[in-house]
Amino acid sequence: MTDRYCVFGNPIAHSKSPMIHAAFAEQTGEDIDYTAMEAPLDDFAGAWRRFIAAGGRGANVTVPFKEQAFTLCDTLSERARRAGAVNTLVVGGDGHTHGDTTDGVGLVRDLEHHGVDLTGARILVLGAGGAVRGVLEPLLAAGPVSILVANRTGSKAEALAADFKALGVIQGGGFEAVTGPFDLVVNGTSASLSGDLPPLPDDLFAEGATAYDMMYGAEPTVFLRWAGGLGALPIDGLGMLVEQAAESFLLWRGKRPLTAAVRERLRRVLQTK
Ligand code: ATR
């Protein structure tokens, strides 16, 4: 029987994950069925139980269920425990639910693909919500000289940085505390959704710096337009989406798909809409 997988979200209709995983399955010759499933806002656990009962072997989890999914896992990877959220669920042989998060690895791998060297880099991360919490551990593991987490609500960034300080040089504060230059600035706020730009100084970017927005769309986000205008290399989150999916696929099927062609296809789909 074909193994079933899905992505849970609400809303979920526009998810690109089914297309990505269909491409991975074709490429690797794995016989899987991957669909988008809308879970009720107040009963993620019920939706997950029903999916397992119907033959589900694993799932991706997106907004707004990453924290709810975390709480129902029987076992968790170390990185998921630290992130406090999961984006990947795996059904074990004995039916137990294992949770992991592949978002952070996805970000770091996409940066590698773009030739961004994180060793010794001065990194600024904007935002202090779940999206940022999920990427700090792999960023710190990549060997930067320092990470500053800056957020509209500065106290949240301070608290978040404190949670990760055993892993490297990391500090948190409000936007007013930000002084450049940085080699990499990652926008992990949801400000791009509303077309807002966090209040940041113009001298933020070092020579040859990279600006990364974890959001993506047909058009560059306001943050990427601003950063590009200041000379930084702008990269959106489409590659991160594909890389986190590849890492989830590896957890489920034991095979790591190649990502470049899928990324290019997705970009074309996005731009022809
Ligand atoms: P997610 O899970 O996507 O990270 P979240 O936990 O709601 O979502 O966090 C959203 C992040 O975007 C927060 O860091 C938020 O800042 P506050 O903590 O001060 O609320 C940030 N954010 C949202 N809208 C913003 C805006 N217009 N300008 C700057 N930051 C914004």
Side-chain angles (χ1 to χ4, degrees), residues 7-12 14-17 39 41 44 59-71 79-89 99-108 110 123-140 147-164 170-178 180 182 184-202 204 211-217 220-227 236-241 243-245 248:
V7 55
F8 283 110
N10 189 332
I12 198 63
H14 299 292
S15 172
K16 306 283 182 290
S17 292
L41 288 174
F44 177 76
N60 283 128
V61 183
T62 187
V63 181
F65 297 121
K66 289 183 182 183
E67 285 84 11
Q68 278 187 61
F70 175 83
T71 62
R79 60 190 179 186
R81 199 182 302 281
R82 209 167 256 126
V86 299
N87 78 336
T88 309
L89 297 173
D100 203 341
T101 179
T102 64
D103 287 331
V105 183
L107 170 64
V108 169
D110 192 40
I123 301 179
L124 171 65
V125 179
L126 305 170
V132 167
R133 180 176 281 277
V135 301
L136 288 178
E137 180 172 346
L139 278 180
L140 282 162
I147 296 185
L148 174 63
V149 182
N151 193 42
R152 184 171 58 183
T153 314
S155 56
K156 272 172 71 180
E158 281 170 30
L160 188 55
D163 284 349
F164 286 85
I170 180 164
Q171 286 187 314
F175 291 136
E176 67 288 346
V178 174
F182 295 95
L184 170 66
V185 180
V186 178
N187 185 14
T189 72
S190 45
S192 297
L193 284 177
S194 47
D196 288 339
L197 187 65
L200 296 165
D202 274 0
L204 201 60
Y212 196 102
D213 201 324
M214 284 162 64
M215 302 265 163
Y216 66 88
T221 65
V222 62
F223 168 74
L224 290 183
R225 280 202 300 274
W226 174 77
D236 73 8
L238 187 107
M240 175 176 170
L241 176 76
E243 295 302 331
Q244 62 78 31
S248 297

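Numbering of ligands and ligand atoms starts at 1, following listing order. No hydrogens, no waters, no symmetry mates; every other heavy atom, side chains included, goes into these values.
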From [X] [atom1] over to [Y] [atom2], what is the distance, rounded to the nearest 0.5 angstrom?
| X | Y | atom1 | atom2 | value |
| --- | --- | --- | --- | --- |
| L238 | M215 | CG | CE | 13.5 Å |
| R152 | L126 | CZ | CG | 12.5 Å |
| F164 | I147 | CZ | CD1 | 9.5 Å |

(request) Taking only heavy atoms of G127 into account, list the atoms of ligand 1 that are under 4.0 Å away from them. (result)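 Near G127, the atoms of ligand 1 are 14 (O).
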
(message) Is there a polar contact between ligand 1 and A128, counting only N or O atoms under 3.5 Å apart?
(response) yes

Which residue supplies the protein heavy atom nearest to [atom], what is that atom called, and how far is it?
| atom | answer |
| --- | --- |
| atom 5 (P) of ligand 1 | G129 CA, 4.0 Å |
| atom 16 (O) of ligand 1 | N151 OD1, 3.2 Å |
| atom 3 (O) of ligand 1 | A131 CB, 3.9 Å |
| atom 27 (N) of ligand 1 | D196 OD2, 2.9 Å |

(message) Please state which option from K66, E67, K156 has its nearest heavy atom closest to atom 18 (O) of ligand 1.
(response)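 Nearest option to atom 18 (O) of ligand 1, by heavy atoms: K156.
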
(request) Select the closest option to atom 11 (C) of ligand 1 among G130, S190, A191, P199, judged by heavy-atom distance. (result) S190

(request) Mark yes or no for whether Q68, through its side chain, and L41, through its backbone, hold a donor-acceptor pair below 3.5 Å. (result) yes

Which segment of [X] sits under 4.0 Å of ligand 1 when only heavy atoms are counted:
| X | result |
| --- | --- |
| R152 | both |
| T153 | both |
| T189 | both |

(message) Tell me which one of Y212, Y216, F223 satisfies side-chain contact (heavy atoms from CB on, under 4.5 Å) with D236.
(response) Y216

(message) Below 4.0 angstrom, counting only protein heavy atoms, does anything approach atom 8 (O) of ligand 1?
(response) no

(message) Can you check atom 1 (P) of ligand 1: any protein non-hydrogen atom closer than 4.0 Å?
(response) yes

(request) Kindly indicate whether the side chain of D103, heavy atoms from C-beta on, has any atom under 4.5 Å from the side chain of M240. (result) yes

(message) Is there a ring-ring contact (aromatic ring centres under 6.0 Å, His included) between F8 and F65? Walk through the geometry before answering.
(response) CA-CA 8 Å; F8 283 110; F65 297 121; 7.4 Å; no

(message) If you compare all heavy atoms of T88 against all heavy atoms of S248, which two are closest, and at what distance to 0.1 Å?
(response) OG1-OG, 2.8 Å

(request) Provide the closest heavy-atom pair for A69 versus V86 in the form atom of the first, atom of the second, distance. (result)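 The pair with the smallest heavy-atom distance is CB-CG2, 3.4 Å.
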
